[in-house]
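Report on the following structure.
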Amino acid sequence: LPAPENFDVDGGLDRDIFDINEDLGLDLFEGDISLDGVQERNS
Amino acid sequence: IVGEGYRWPHTIPYVLDDSLEMNARGVILEAFERYRLKTCIDFKPWSGEANYISVFKGSGCWSSVGNQHVGKQNLSIGHNCDRTATVQHEFLHALGFFHEQSRSDRDDYVSIIWDRITPGKENNFKAYTDEETDSLNVPYDYNSVMHYSKTAFQIGSEPTIVTRISDFMDVIGQRLDFSDHDLLKLNRLYNCSSSLSFMDSCDFELENVCGMIQSSEDSADWQRVSQVPEGPESDHSNLGQCKGSGFFMHFSSSSVNVGDTAVLESRKLYPKRGFQCLQFFLYNSGHENDQLDIYIREYSGDNVNGILILVEEIKDIPLGSWQLYHVTLKVTNKFRVVFRGVRGAGDSLGGLSIDDINLSETQCPHHTWHIRNFTQYLSDPNGALFSPPFYSSKGYAFQIYMTLTNLTKIGIYFHLISGANDDQLQWPCPWQQATMTILDQNPDIRQRMSNGRSITTDPSLTSDDGTYFWDRPSKVGTEAFFPNGTQFKRSRGYGSSSFITYERLKSRDFIKGNDVYILLTVEDISHLNSTQDEPVPTSSVSDLCAFFRCENDGICLVRNGNAECRCPSGEDWWYMGKRCEKRGSRRDTIVIATSSTAAVFALMLVITLVSVYCTRKKYRKEAGSHPANTTLENQYA
């Protein structure tokens, strides 16, 4: 029997930080910056 | 970001939230180690400071920019964000950095192709003004770990960022490690002049040989040379690519007698952490019996000249190629590293050479997989490589699998395999973190951008067929054979098909002299599991070892229903005791034997002297009680 396939944590994809966040539907500033702290400070 | 208020103290308080995945915890600590090696930024567990960073598993990977002075400042390391460079990237944001391509001068270096950007995402390509951000007099950096990749926010398949110098198109977006300019900026922003864990680096390019000294207590000297007729033909630092440079240190065993030595000592070094990793490249063109001994000369209050302590004897050094070696040190006092070349028996035409020495207060990798003639595998469409078998410190046997079949990238996978200790180990294998790193062979450890990936064995993970993924290989693995024909069982691999792209592999010094090094560490990270452990199913092995801790990397075994420790040992040292808590060495035995012999000898001498004295006294007394002219032989006759 052929050996079972290896488990690929990346699912065959080479995803950058921004791709991961985009796939999750996140709409962060510049892709991975949270502005919560800035907004709190300004208010 | 401009503004002193955004700065953190040099030691940043942090909390690893319970929500974090186990693998992410280990990766975050690894990223902290890179900061400690290359910058003056350190991290400590939060102990009530007003502001701290809480790392948690949110949705995605993100951070705020700079110290927001909000008390608990969140930084998310979500699913698939558990990569060392990703954590470095997010913490650089937290330390006050925006993305590289948002610099005020970015249009001089890259073109943003606006009509290729997903509608509504254009705001991600904002450039700041000089009033908002400061580039700290550091040139634009295509190599930055903070740069977007060329495909960021693209709508189709065409790049959204085009570099003005085309060579950099596949350079931008690296997620390996800090670039030189990342470090320059960070160290300027935080006024860093040293780091916590870096100690010394030497490629012998300068004539002062990094302050190393030749010992007078030997028979020969190490010579600074650029080539040796019998090899090496060039140094390891730049493999002879630069004419007039490229030096290394050479001990010519061919010009001395058997048993002669040459001793080279480093400058004095001042440890902070108490553990060190010495890494260097060694070339043998002499005889297989030539050896290199690594000592430390440790200075303490009572020993102003230092005590020489043998740490490792490196024997059977392969002939004819540069080889990477790691030596673990545990020194707490001022010390020197001592390289002692020893001429062995047998004919020698060359000798021993050393180059690219790095000493840091970091943990050495547990194993090194040296792949020779690497490029031959790249051109093979069926290319795939299995490493030799290795054992983890807990006793698990494993193998690494590298796939080279994809046309653009290399994959890497960790496999458990059947091993000699399997009866004594816990199954399914719990919380062992395997870190696989392809070494950037830059001579200076601070400039290396090595690429690593970590995976962690989750004992509750199941395969599609309902079996535990990390169960005993003899139970869930498939039959395999070593090159010598020995049969064993190999479990499914767990890793990534996107370990590194060929473009990045050919950048830096990952392939040097057609050699590649994969550094491997497999360590138990159970202690990072702060939440209550769920009951873990075991196959056949008793849980007795779960409550019996062996010190000093001893391995717990169950014998006759009792937990016992198997203690580690070396050629001239060993651990002993119920929990391997006591250390012994050949030197201790010699000292004990010598002192016992001396004590017995002294005792016998005292007894003899007392006996002689008493006997003489007795006979003198008896002789004194007889008249002077008495004939003794006839007195009682």
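Sequence lines set the chain letters: A, B, ... in the order given, protein chains first and strands last, and positions in each chain run from 1.
- Of the two parts of T501(B), only the side chain, counted from C-beta on, holds a non-hydrogen atom closer than 4.5 Å to a non-hydrogen atom of chain A.
- Among Q73(B), K126(B), K121(B), the residue with the largest count of heavy-atom pairs under 4.5 Å with chain A is K121(B).
- Looking at D10(A) and S497(B), their side chains never bring a donor and an acceptor atom within 3.5 Å of each other.
- When heavy atoms are compared at a cutoff of 4.5 Å, S102(B) approaches chain A solely by way of its side chain, counted from C-beta outward.
- Taking both residues in full, the closest heavy atoms of G493(B) and N6(A) are given as N-OD1, 2.9 Å, listed atom of the first, atom of the second, then distance.
- The part of R453(B) that comes within reach of chain A is its side chain, from C-beta onward, which places non-hydrogen atoms under 4.5 angstrom from that chain.
- Taking the centre of each ring, H99(B) and F29(A) stay at or above the 6.0 Å mark.
- With a 4.5 Å cut-off on non-hydrogen atoms, E479(B) does not touch chain A at all.
- Between the CG atom in D19(A) and the CZ atom in F153(B) there is a gap of 8.0 Å [rounded to 0.5 Å].
- At a 4.5 Å heavy-atom cutoff, the contact between F469(B) and chain A is made by side-chain atoms alone.
- Between Y494(B) and F7(A), the ring-plane angle classifies as parallel under the 30° and 60° cut-offs.
- Put simply, of I455(B), T86(B), T118(B), the one with the most heavy-atom pairs under 4.5 Å next to chain A is T86(B).
- Interface residue L28(A): backbone and side-chain heavy atoms are both found under 4.5 Å from chain B.
- D8(A) touches chain B through backbone and side chain together, each having a heavy atom under 4.5 Å away.
- Options H89(B), H415(B), R83(B) differ in how many heavy-atom pairs under 4.5 Å they form with chain A, and the most are formed by H89(B).
- Atoms CD1 and SG, from I20(A) and C81(B) in turn, are 5.0 Å apart once rounded to the nearest 0.5 Å.
- Of all heavy-atom pairs spanning Y148(B) and G31(A), the tightest one is OH-N, 4.2 Å.
- Closest approach of R492(B) to E5(A), counting heavy atoms only: NE-O, 2.7 Å.
- With values rounded to the nearest 0.5 angstrom, T151(B) atom OG1 is found 12.5 Å from R15(A) atom CZ.
- By the 4.5 Å heavy-atom criterion applied to side chains, D32(A) and S63(B) are not counted as neighbours.
- Considering every non-hydrogen atom in both D14(A) and K409(B), the closest pair reads N-NZ, 4.2 Å.
- Taking all atoms of both residues into account, the shortest heavy-atom contact from S149(B) to D16(A) is OG-OD2, 3.2 Å.
- The shortest heavy-atom contact between S59(B) and L24(A) is OG-CD1, 3.7 Å.
- D464(B) CG: 12 or fewer foreign heavy atoms inside a 6.0 Å radius.
- The structure places CZ of F97(B) at 12.5 Å from CD1 of I33(A), a figure rounded to the nearest 0.5 Å.
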